[in-house]
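Predicted, not measured: the structure shown is a model, and the values here were computed from it.
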Amino acid sequence: QSLRGPLWLHVAFLAAFCLGLIPLERRHLGGGIREVVQCFAMLGVAWMLFASASAEERRPAIISLVIVCPFLMLWGAIARFASVPTPFSDARMALIVCVSFPFLINALLDHKLKLLAVPVAFALLVLGCRNGGLLLCGLLGGITCLLLKDKKQAPRLLLVAALPVVIGIIAGGSTWQTLAPRNADTGNLKRLFVEYEATPDAVADAPLTGHGLGRYKNVIQAHFVRFVDPDDNKVAPDTNSTYALLAVEAGLPAALLLVVLIAAVAVRALQRARKDIEAAAPAGAALALLFAGLFTTILTRNTGITAALALGAATAVVVRPEKASLLAWAAKAGTVVAVAAACLAVVLLPRGLVIIESNFDDESEYWVIEAEQPAAAPDGTMTIALANDASGNAVLAIPQDAGKRDGSALYQISNVPAGPCTLWLRAYWEDGCSNSTGAVFRKDHMVITDEIFRKWHWVASPRQIVAPGESFQLRLQNIEDGVMIDQILFTQDRRFVPHGILRKAGNDEE
């Protein structure tokens, strides 16, 4: 009800919102509206609301975090050993736990049984948090709160907590395996690390304005440096880094602004907690959240409000509007960056903000080949079949249960200028065991795959090919059955994402 708080946060939100609007020009809105709404809900409404509210007004939300934290940790611990379904993914649950854990420790330190309760809480955190990176963030936040809140008892409590924590680590060892860059079963690089590997090149293509909100998955896949071997072509689903995602979608200035704002809140809260123990829990939570952005997305509809509450609580205990602070400096710097980026975007993108999808009528944008028209009849299990919702109602198909690794189709490609091109397939995958096809260009073997099932959609090649500027051959190979391919597309624009059925040779969409 008070909503008296700090002007700098309103300015910072406005800067972030302006940075978020810039990438909407990028030809494809996609999930852009959803991304803006999520940022608005967290950075705008929730963070400002909690930062502006009084201590009494924030108390019910803080109590809710204290209650939810052990509940989710216990649920995660039970699910680990009893295969009980969880309400959210491991990363979503772990993010809520690691952000709320400092508030739980703060509450337990005020209890007379803290010598028993605090070690049990740390042990339960290790057992119930099933994401290694976020578990480390939770431990960091909890230990920070403990050291700030009770300096005298902290060494003793940590020593007592060490034994159950070690037992928890041994009993729940699978959590730490999530920190390894490769899957233990397959040896494949995990998706989070594959995406980190691809992020520098993706950002380098559009460092200031980004590739467009909601386009992260398509863009990052086109920049994969390496992909899994065709004999083991699955990359297990994994969470994404908020900072990498924002840098790709909205540009480096937006990502740096978010990092600076969260870091400024955490640093100021830590400084304040040295004089006021009431700031210990918010300081620990803000610090945990700062590093959590490396392992998962924090600007989401599921957990964004929890993150905003932690930042709002940390902001409220340290901000003094009448005094200059690192937070105010960060807000002003962010505003300057936002204005500079907006002006540069206007220069680089003279069309301005276009929030509707554009049609592509220039033949240089893409070249389309019908998959049911190979240079010769496909061999093996590959065949031409009739299909609904396909261009010409016909497709290149590998029927379900037809067999794997048998069959190919050869295409003669012409009229594609020399230079690097991204290969796209309009595909229909039956299920998780039928969601890939092989592509061979000269001696380059690639696997084209994703995790969208029972739906016509476009899938990009994991890396680009270099067209020779003359007629060349492309071969599609059977890797898995239960697959249909409708159209094959080449484009030299790495930011172009096709949608729906496309006409040949650069005509508009049907």
Side-chain angles (χ1 to χ4, degrees), residues 221-235 366-387 390-392 394-430 433-450 452 456-492 494 496 498 501-502 504-505:
Q221 181 170 328
H223 289 80
F224 281 169
V225 177
R226 56 190 173 191
F227 205 66
V228 291
D229 187 86
D231 293 332
D232 189 7
N233 59 355
K234 300 295 191 300
V235 175
Y366 61 75
W367 297 265
V368 176
I369 299 95
E370 295 294 332
E372 69 271 19
Q373 298 175 1
D379 57 36
T381 57
M382 280 193 169
T383 184
I384 304 302
L386 298 178
S391 174
V395 297
L396 176 70
I398 310 170
Q400 189 77 4
D401 300 324
K404 304 176 186 292
R405 312 269 172 208
D406 177 26
S408 65
L410 181 66
Y411 297 86
Q412 194 72 29
I413 313 298
S414 58
N415 300 324
V416 177
C421 294
T422 301
L423 168 64
W424 290 82
L425 300 181
R426 187 169 188 260
Y428 185 99
W429 311 132
E430 184 66 28
C433 294
S434 305
N435 68 327
S436 67
T437 190
V440 181
F441 168 72
R442 295 181 174 177
K443 295 183 179 181
D444 188 7
H445 294 252
M446 295 184 291
V447 176
I448 300 178
T449 181
D450 68 359
I452 300 175
W456 282 110
H457 64 291
W458 287 93
V459 190
S461 58
R463 55 185 175 273
Q464 290 192 310
I465 66 172
V466 180
E470 57 190 26
S471 179
F472 63 93
Q473 291 181 337
L474 174 75
R475 184 180 297 276
L476 297 184
Q477 291 184 326
N478 175 357
I479 291 180
E480 298 178 307
D481 51 19
V483 167
M484 293 188 290
I485 307 296
D486 179 26
Q487 292 184 309
I488 304 167
L489 179 146
F490 293 88
T491 178
Q492 293 183 334
R494 298 180 74 166
F496 171 48
I501 297 172
L502 297 181
K504 290 185 178 181

Treating [X] as the side-chain partner and [Y] as the backbone partner, does any N or O pair qualify as donor plus acceptor under 3.5 Å?
X	Y	answer
Asp406	Gly380	no
Ser434	Asp481	yes
Thr437	Gln477	yes
Asp486	Tyr428	no
Asn435	Thr449	no

Would you give the length of the straight line joining atom [atom1] of [X] to atom [atom2] of [Y], rounded to the nearest 0.5 angstrom?
X	Y	atom1	atom2	result
Ile479	His445	CD1	NE2	10.5 Å
Trp367	Ile488	CH2	CD1	15.5 Å
Ile448	Arg463	CD1	CZ	9.5 Å

- [ ] For Val395 and Ile485, run side chain to side chain contact (heavy atoms under 4.5 Å, CB included): C-alpha distance rounded to whole Å, both residues' side-chain angles, the deciding distance at 0.1 Å, then the answer.
- [x] CA-CA 6 Å; Val395 297; Ile485 307 296; 6.0 Å; no
Open item on the list: What verdict does the side chain to side chain contact (heavy atoms under 4.5 Å, CB included) test give for Trp456 and Met484, after you've listed the backbone C-alpha separation in whole Å, the side-chain angles of each residue and the deciding distance to 0.1 Å?
Closed with: CA-CA 9 Å; Trp456 282 110; Met484 293 188 290; 3.7 Å; yes
TODO: Please report the C-alpha distance between Arg426 and Leu489 in whole Å, then the side-chain angles of each, then the deciding distance to 0.1 Å, and finally whether the side chain to side chain contact (heavy atoms under 4.5 Å, CB included) criterion is met.
DONE: CA-CA 8 Å; Arg426 187 169 188 260; Leu489 179 146; over 6 Å; no
TODO: Check whether the ring centres of Phe441 and Phe490 lie less than 6.0 Å apart, and answer yes or no.
DONE: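 Judged by ring-centre distance (under 6.0 Å), Phe441 and Phe490 do not meet the cut-off.
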TODO: Output every pair passing side chain to side chain donor-acceptor pair (under 3.5 Å) with a member in residues 407-416, not counting sequence neighbours, ordered by first then second residue.
DONE: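 Output for this query lists Asp379-Ser408, Ser408-Arg475, Gln412-Ser471, Gln412-Gln473.
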Task: Candidate pair Val459 and Trp429, rule side chain to side chain contact (heavy atoms under 4.5 Å, CB included), full reasoning - done: CA-CA 11 Å; Val459 190; Trp429 311 132; 4.0 Å; yes
